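Before any comments, here is the structure.
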Number of protein chains: 4
Amino acid sequence: MPKISEQQKEAVRVEILNAAREVFIEKGFEAASMKEIVGRSGKSFGGVYMYYSNKEGVFLDLLRRQYVGMSQDVALPNPKSGWDTFRLFLQDQERRVKEAGNGLSPSMYEYFIVGRRDSIRRKWNEERRQAVFYSILGLIHDGVKKGEFNPSIPVDTIIHFLISFLEGIFLESIITGPEGIGIGNQFVLLEDMSRSILMPLNKEESK
Amino acid sequence: MPKISEQQKEAVRVEILNAAREVFIEKGFEAASMKEIVGRSGKSFGGVYMYYSNKEGVFLDLLRRQYVGMSQDVALPNPKSGWDTFRLFLQDQERRVKEAGNGLSPSMYEYFIVGRRDSIRRKWNEERRQAVFYSILGLIHDGVKKGEFNPSIPVDTIIHFLISFLEGIFLESIITGPEGIGIGNQFVLLEDMSRSILMPLNKEESK
Amino acid sequence: MPKISEQQKEAVRVEILNAAREVFIEKGFEAASMKEIVGRSGKSFGGVYMYYSNKEGVFLDLLRRQYVGMSQDVALPNPKSGWDTFRLFLQDQERRVKEAGNGLSPSMYEYFIVGRRDSIRRKWNEERRQAVFYSILGLIHDGVKKGEFNPSIPVDTIIHFLISFLEGIFLESIITGPEGIGIGNQFVLLEDMSRSILMPLNKEESK
Amino acid sequence: MPKISEQQKEAVRVEILNAAREVFIEKGFEAASMKEIVGRSGKSFGGVYMYYSNKEGVFLDLLRRQYVGMSQDVALPNPKSGWDTFRLFLQDQERRVKEAGNGLSPSMYEYFIVGRRDSIRRKWNEERRQAVFYSILGLIHDGVKKGEFNPSIPVDTIIHFLISFLEGIFLESIITGPEGIGIGNQFVLLEDMSRSILMPLNKEESK
DNA sequence: CATGAATGAGGATTCATTCAT
DNA sequence: CATGAATGAATCCTCATTCAT
């Protein structure tokens, strides 16, 4: 018979994670200290280590929850047109890009860059990448099924390109700042390109 | 009257930087230790600290020289057509992307991400970004001057977009690895897009 | 009126001790963790601490039971000749020596060595030593009573010597391993010596 | 050009080792803390770690120096009779046994017992054992060469037996204390036995 | 100019024991 | 009686930088 319920455990985890998120956001992964996470969480060292076996464990739970959240957003059934859904996705990304510097993304990039040769970190990154890949794939399939999209080039390439661009503009927003890189204009251009790639028929129709 | 000439000083700096590059590439910025840099350079602590006031100084000199090198490549006068030059630029980038994980880029991203709120690091990043920005701007101006390019959208936006994409694919190559992200295909798509944006008249001419 | 009978209590103790023995054998006394003992016993921290007030308590109960077991073996009435009984004792020791590294002995030696200045541990060691001393004393007295033994030197000295040798060969078996120290030959030599000390008359008789 | 001479380095090492010896003797290997060694040595953490890479390194240097010292004692050329030399060896051991509890031996036994499954520690123990083995072997060979000794049983077995006994009486002296185990009498008995094994001719002569 | 020994605060993590439930 | 979550001091070790020589 557990002494505290799963709900209570979850509540404790959330307390720890909230403290940890603050610290990781302020300091990054490496420079974040367990002492500070422990202090801000109002717990003791032993208390935190009961829930997570090390700093990396705390960080990965934070990442995992973030991506679960994101996937659920996308996974919602949607009655809109394929293109409208795709545009909503882009708008959502634009919004996220603008506040990229204030969230967990910087720590995450640091974590994956520094740990690029560590097999465990690579696996986590792979999962994250797959999640994004399949999210976009779903959007495109949706548009294709609805007869709206007729991609003129392999879908794989389109998605890889989109991911590269999105990762890049995230990174730019983080290190250069959201101002001065014309985020809005970049997304307008991205939308135009996406339209002409996914719906090349429009052009033919306009002939 | 200095006891050793500027040339000798430069030679020492190069020795230090060569050692430092190795260490930064292997360990990243934060995890690189001055002890190892000192050891590999064959110098003493005091010796290294005579030329650079701290680890950051070593790293920044390394970055600076790398970007000076890159800018000079691009700044060479060139007799080719504007589009050919632009394509060469893209090909050069593609090549760099493929070996991004083995160079200084990972350390650099780590450095700028972690230090995104540090004004000194921001300034350095700004310079690096400007260098790339003006390189591309030069390429486009060249094409425009030669009557080949007729950008359909503001040049600023084009460049910001290119930079985002390039930063993104660099990052992907670093953390996910150069295989499995279809670098070649992404660059083909990028070339197509660049052509249709920079030389939209071609389409009309082809009508 | 106790809620659980003494038998039930004993059963719980045995469960705890079985788990504890495993852990102490694997890790030694200091490195053994209560967490692991608790885990393997299938009990809770509170449960274990109800029966033993600390790690030392668990360990000492384990030792105590082991020596009670040993003493009982020896204390059995025996109809054999004094010398045969003595030889059986040596053979039993030889067998134990060969598997010394896999039992509780290493932890025990660790415990008594590290705690050599602790009066409580000294007292326990004294008891253990007395138990062995009187076991051997019994064997010799038996032989003397039966008219077989006629020790040429003080019995005390004989026993101290025997104990030293046995402790030493145990220790050697533990730290150097049972192979390569010629355990069998050592015991043959010990037997020869014992015979010539305990039964010096034989020689004279053989004249 | 080293900043400090090898002699100065050695002096620092000796300072550290003196402090470490005290701490190891008082607390044992595991319980000794680097903090205390650092404190007593009058050095800083970094200072100590410049000379030894970890606690084990300090301890092993201490052991090594002790055994080098012992071997040198024995290695001295000696003009005495073989038996006199052997007796001196036994007397030397007796003296050491009496003060075993106050030296490094307890920590050493702890270290080798706890680490009996660690290949590095085993190797060190093997070396220590070999050193003792060959010391005794030298003594016996000396006596044989001088025509005094004529061992009635294999020399290997004699030495293994001697080592077992010596290890055992050391251990007894440590955990039970030098009083009450009749060290003097044990050594008298050992000497008698050794004589009758190494010089069995005496008996025949006495016939 | 050059050396490299020395500093010491700070890092993550462990674990026997307690006590509110 | 029994639970097991929580405590927090203590562990070893690292490393950028300084400064006496």
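Quantities reported herein were computed from a predicted structural model and do not represent experimental measurements. To find a chain, count down the sequence lines: A is the first, B the second, and so on, and within it residues start at 1.
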key: Whether D:Glu127 side chain and D:Trp124 backbone form a donor-acceptor pair below 3.5 Å   = no
key: Atom pair distance, as rounded to whole Å: CD in B:Glu15 and P in E:dA2   = 12 Å
query = What is the distance from NZ of D:Lys43 to P of F:dT14, rounded to the nearest Å?
reply = 20 Å
message = So, does A:Ser44 get its side chain near the phosphate of F:dG8, meaning an N or O under 4.0 Å from OP1 or OP2?
response = no
Gap in Å between the two C1' atoms, one belonging to E:dC1 and one to F:dT21, rounded = 13 Å
task = Calculate the interatomic distance between B:Lys27 atom NZ and F:dA16 atom P; express it in whole Å.
result = 11 Å
query = Between B:Lys123 and B:Glu126, is the closest basic N to carboxylate O distance under 4.0 Å?
reply = no
message = Counting the atoms with a prime plus P, OP1 and OP2 as sugar-phosphate, which does D:Tyr51 contact under 4.0 Å by heavy atoms, base, sugar-phosphate, or nothing?
response = sugar-phosphate
request  = Starting from P on F:dA5, measure out to CZ on A:Arg13 and report it in whole angstrom.
outcome  = 11 Å
query = Through what angle, rounded to 10 degrees, does the axis of the helix from E:dA2-F:dT21 to E:dT21-F:dA2 turn between its ends, using five pairs per end?
reply = 10°
inquiry  = With side-chain hydrogen bond (donor to acceptor under 3.5 Å, both in side chains) as the criterion, how do A:Arg21 and A:Asn18 come out once you've worked through the C-alpha distance, each side chain's angles and the decisive distance to 0.1 Å?
reply    = CA-CA 5 Å; A:Arg21 182 183 291 108; A:Asn18 285 341; 3.1 Å; yes
ask   = Does the side chain of D:Arg128 come under 3.5 Å of the side chain of D:Asn125 through a donor N or O and an acceptor N or O?
value = yes
Atom-pair distance (CD1 on A:Ile16; P on F:dA5), nearest Å = 12 Å
ask   = Does the pair C:Glu10/C:Arg65 count as a salt bridge with the N-to-O cut at 4.0 Å?
value = yes
Base versus backbone protein contacts along nucleotides 14-21 of chain E [heavy-atom cut-off under 4.0 Å; B, S, -] = BBSBB-B-
message = Counting C-beta onward and ignoring hydrogens, is there a side-chain heavy-atom pair between A:Tyr52 and A:Leu17 closer than 4.5 Å?
response = yes
query = Can you list the residues that meet the side chain to side chain contact (heavy atoms under 4.5 Å, CB included) rule with A:Lys55, with sequence neighbours excluded?
reply = A:Phe24, A:Phe29, A:Met34
inquiry  = When you measure from the side chain of B:Arg121 to the backbone of A:Ile175, do you find a donor-acceptor pair of N or O atoms at a distance under 3.5 Å?
reply    = no
query = Under a 4.0 Å N-O cut-off, is there an ion pair linking A:Arg13 with A:Glu6?
reply = yes
